[in-house]
Each structure stands twice: as C-alpha cells, then as structure tokens.
Amino acid sequence: MKHIICYTGIPHADFDFIQRRARTITGSDTEFYGRGLKNNQHQYLAKDAKAIMQFFADRIRKDKAKQSEYSYSVIYIENDTINSTILRDGLFPNFFATGAAWTFQYGSVTEREQNRQDLVTALVESTKKVKRALPHLRKEFTERSNKTPLLLPLQNFEANEISNLLSNVSNGILDAIDPTATIRELVADFERRFPPTLDWTRKPPQTVFTNNAGIRFRAPGNDRHGSAHPETEGHPDDCVIAAFKRLGVTYDPHFHYDCTRLSQSKLSAELHNCHLPRDWMTAKKSHLNIAPNDAVR
C-alpha cells in the first residue's frame, strides 16, 4: 500500500528544515506533500483545507487509475493554541487526518534546533501510526465491502450516525493494538442500531441496511456495473475525492447501493445528489443507485 501524506501547519521558519528531512519522515513508500503556514500565520483557515483538497483532486483528475494505489492522509501540527478542528472538519471524511503534537518554541540556537528535531520526531511517529492503521481500513473496504456500513453514504443514509461511526473508527484505529478488531467492534455497535438484513432474492444473498426513512440500501455484490459519478469533469474537488476515497483509503469507484423502499414499487424520496442540492427523485425502475459519495442515478 502506497501513501501520499500532506504535512501541514509547519511554521514558515521551519518549513525548509522539515522538507529537507522528508525521506526521514516518510520512508520509501510514501510521498511527502508539505504545506507550511504563511509568514505570521498562526491559525488554520478554511482555505487551507480547500487547498489540500484541490491538490489531491487534481491528482485524481490527472490519473484516476494510478491514484487507486495510494491512500490520502493529512498530518497536521496540533497544540493548545492552534485551531485544528477547522482543518480536520474541512477534510472529513475523505481523508485520514490526525494531529502531531508539537509547539513552536523560541530560545537559543541550540534550543531552536532541538525544537525542530522534536517536530521531526512528532511527524515520524504520526506517520508510522497512519501507515500502520490504513491497511486495516483497506481490508475492510475490499474483503468486507458488501457487509461493512463504513461505505454507506453520509447524507442519504443517516448523516449523524455515519459521521460518528467514521469519526470513531478514524480515532480508534490509530493507537489500537488490533485495528481490525476495533473496526469490527465499532461496526457491531452501529449494527445494533441499524441491524443489517439479507436480501435472499440475490445469489448469494446481499446485505441490506435500512435508514430511519425506510430506504433500503442493498450492497451490490459483484454487480458493479458502473459508478454513479466516476467522472471528474464538472465536479468540485471534495466530490471528486469522495468518489474514490473514504477516510483516505480507496474503495471500488463502481461500488453503489441499490436503494428501494418496501412501500413503493419505485423508490421516490428527497435525496442529496453528489454536490447538488437536496431534491425529490423518483426511480425509473424499482430502485435508485446511490454511491458512497451520495451520487444518485
């Protein structure tokens, strides 16, 4: 598994120092993408998250096939004085994002050099944790894609529930002794509130999750005849990334749910559609296809 990690929040005065040590921080299987704070910038801004998304979305636009090999992560400087929440929220749930605890310190030349070395150490440790955790997510998205609720669309299933699940998984696997076991425990907790069923009309039977509006999200099995929006032209950056990545890990872009409601011969519901405003949609046949990024067709 290859990785592209964005290291952001690096003070302007320390950026060149960190960039020269990129290989020490990342190792050989990871691409270093550094984003320093501007001179006299001491807080994250909403546009910082947007710039990160643009960088990664452009990578997908240039070569979708090659980008499937990589995970997308962001490691940001975190301390008591910097507002990292605005950055993390802006990247969620498309990236795996975590903080590296470090505080800029003034002092003598020797003290500043030690402070910089401490930053390198913090970035190295965070990098190791990310690279250890993400293969477990990839395993969930590949081996259990038809069973896991981690690929359910946020807006069209239950936004708060899916957001909480993904947030708990992201936080839980980073320091877990067994990240896969942690994922399964969190999934089991979710399934107690939204018990999956099996659609026995499919061979083999496929997992179905039902939201509070009675819409049934049936996993596709091997019937992955097309993504709702595999294209990138005309879609904003966050939509492009969401069509290929969840928590920074690639999922099959052809994965989608066949969505129905038992009380309707043709599903008709008010739904989100990718980056478009929520609107009423009616299926031409019995069901609508809804992808993990909420694209509907």
Side-chain angles (χ1 to χ4, degrees), residues 1-4 53 56-72 93-96 134-157 162 165-166 169 183 187 196 198-199 201-211 215-260 267 269 271-276 281 283-297:
M1 187 175 190
K2 298 179 182 179
H3 310 271
I4 304 176
M53 284 193 289
F56 283 97
D58 285 346
R59 295 290 293 260
I60 291 174
R61 290 184 179 103
K62 290 176 182 177
D63 192 342
K64 289 183 289 186
K66 185 176 181 180
Q67 290 308 297
S68 66
E69 303 172 7
Y70 291 90
S71 73
Y72 289 176
N94 299 334
F95 294 86
F96 193 90
L134 290 187
H136 295 266
L137 270 180
R138 182 177 66 173
K139 181 179 179 181
E140 183 76 4
F141 291 173
T142 53
E143 296 180 10
R144 298 188 73 250
S145 60
N146 284 304
K147 298 179 180 179
T148 184
L150 296 184
L151 292 175
L152 285 167
L154 269 72
Q155 299 300 327
N156 286 319
F157 193 81
I162 302 299
L165 172 61
L166 294 176
V169 167
I183 292 171
V187 163
L198 288 176
D199 182 349
T201 67
R202 307 285 290 183
K203 295 182 179 181
Q206 294 303 324
T207 300
V208 178
F209 288 97
T210 304
N211 70 2
I215 300 176
R216 304 168 75 247
F217 291 73
R218 186 185 68 196
N222 295 322
D223 186 18
R224 304 185 183 191
H225 48 264
S227 170
H229 283 297
E231 307 86 1
T232 57
E233 186 176 352
H235 292 271
D237 295 335
D238 58 340
C239 183
V240 170
I241 298 169
F244 296 87
K245 310 284 182 179
R246 175 152 288 185
L247 294 180
V249 176
T250 302
Y251 66 87
D252 182 354
H254 300 291
F255 184 93
H256 64 277
Y257 295 92
D258 292 343
C259 296
T260 59
L267 176 61
L271 299 167
H272 285 270
N273 186 7
C274 202
H275 60 280
L276 301 176
M281 303 186 71
K284 293 181 179 179
K285 297 182 179 179
S286 62
H287 67 273
L288 289 170
N289 292 339
I290 304 182
N293 70 332
D294 284 294
V296 182
R297 70 176 176 92

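What you see is a predicted model; the values in this text were computed from it and never measured.
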* Asked: Would Arg218 and Leu198 count as a side chain to side chain contact (heavy atoms under 4.5 Å, CB included) if you check the C-alpha gap in whole Å, the side-chain angles of each, and the deciding distance to 0.1 Å?
  -> CA-CA 9 Å; Arg218 186 185 68 196; Leu198 288 176; over 6 Å; no
* To do: Any chance you could lay out the side chain to side chain contact (heavy atoms under 4.5 Å, CB included) test for Leu137 and Phe96, step after step, and finish with the verdict?
  => CA-CA 10 Å; Leu137 270 180; Phe96 193 90; 4.2 Å; yes
* Stepwise side chain to side chain contact (heavy atoms under 4.5 Å, CB included) check, Asn289 with Asp258 -> CA-CA 5 Å; Asn289 292 339; Asp258 292 343; 2.9 Å; yes
* List the steps and the verdict of side chain to side chain donor-acceptor pair (under 3.5 Å) for Ser71 and His3. => CA-CA 5 Å; Ser71 73; His3 310 271; 2.7 Å; yes
* Do Leu151 and Ser145 pass the side chain to side chain contact (heavy atoms under 4.5 Å, CB included) test, and can you show the C-alpha distance, the side-chain angles, and the key distance before you say yes or no? -> CA-CA 7 Å; Leu151 292 175; Ser145 60; 4.2 Å; yes
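Here the straight-line distance linking atom NZ of Lys64 with atom CZ of Arg59 works out to 16.0 Å at 0.5 Å rounding. Summarising the geometry, atom SG belonging to Cys239 is positioned 8.0 Å from atom CG belonging to Leu276; distances are rounded to the nearest 0.5 Å. In this structure, NE2 on His287 lies 12.5 Å from NZ on Lys284, to the nearest 0.5 angstrom. Within the model, atoms CZ of Arg216 and OG1 of Thr260 stand 4.5 Å from one another, a figure rounded to the nearest 0.5 Å. Here NE2 of His235 is found 13.5 Å from CD1 of Ile241. Values are rounded to the nearest 0.5 Å. The CE atom of Met1 sits 10.5 Å away from atom NE2 of His136, with the distance rounded to the nearest 0.5 Å.
Side chain of Asp63 to main chain of Lys66: a donor-acceptor pair is present (N/O by atom type, distance under 3.5 Å, no hydrogens or angles). Within the 3.5 Å criterion, the main-chain N or O of Pro205 finds no donor-acceptor partner in the side chain of Asp199. Checked by atom type and distance alone, the side chain of Asn211 pairs as donor or acceptor with a backbone atom of Asn156 at under 3.5 Å. A side-chain donor-acceptor contact under 3.5 Å links Arg246 to the backbone of Leu150. A donor-acceptor pair under 3.5 Å links the side-chain atoms of His256 to the main chain of His254, judged by distance alone.
Contact annotation: the side chain of Tyr251 approaches that of Asn293 to within less than 4.5 Å [non-hydrogen atoms, C-beta and beyond]. Side-chain contact check for Arg297 versus Leu288: every heavy-atom pair is 4.5 Å or farther apart. In this structure, Gln67 and Tyr72 have side chains that are in contact, with non-hydrogen atoms separated by less than 4.5 Å. At a threshold of 4.5 Å between non-hydrogen side-chain atoms, the residues Leu271 and Ile215 count as touching.
Looking at every heavy atom in both residues, Ala291 comes nearest to Pro153 through O-CB, 3.5 Å. Taking both residues in full, the closest heavy atoms of Leu247 and Leu166 are given as CD1-O, 3.8 Å, listed atom of the first, atom of the second, then distance. A pairwise comparison of heavy atoms in Thr148 and Tyr257 identifies O-OH, 3.9 Å as the closest pair. Taking every heavy atom of both residues into account, Asp237 and Met53 meet most closely at CB-O, 4.0 Å. In plain terms, the two heavy atoms of Asn146 and Pro220 that are nearest each other are OD1-CD, 3.3 Å. When all heavy atoms are compared, the tightest approach of His272 to Val296 is O-CG2, 3.2 Å.
Between Phe157 and Phe209, the two ring planes are perpendicular [angle over 60°; tilted spans 30° to 60°].
One side chain, Lys245 or Thr250, offers a donor N or O that lies under 3.5 Å from an acceptor on the other.
For Phe141 and Phe255, the gap between ring centers reaches or exceeds 6.0 Å.
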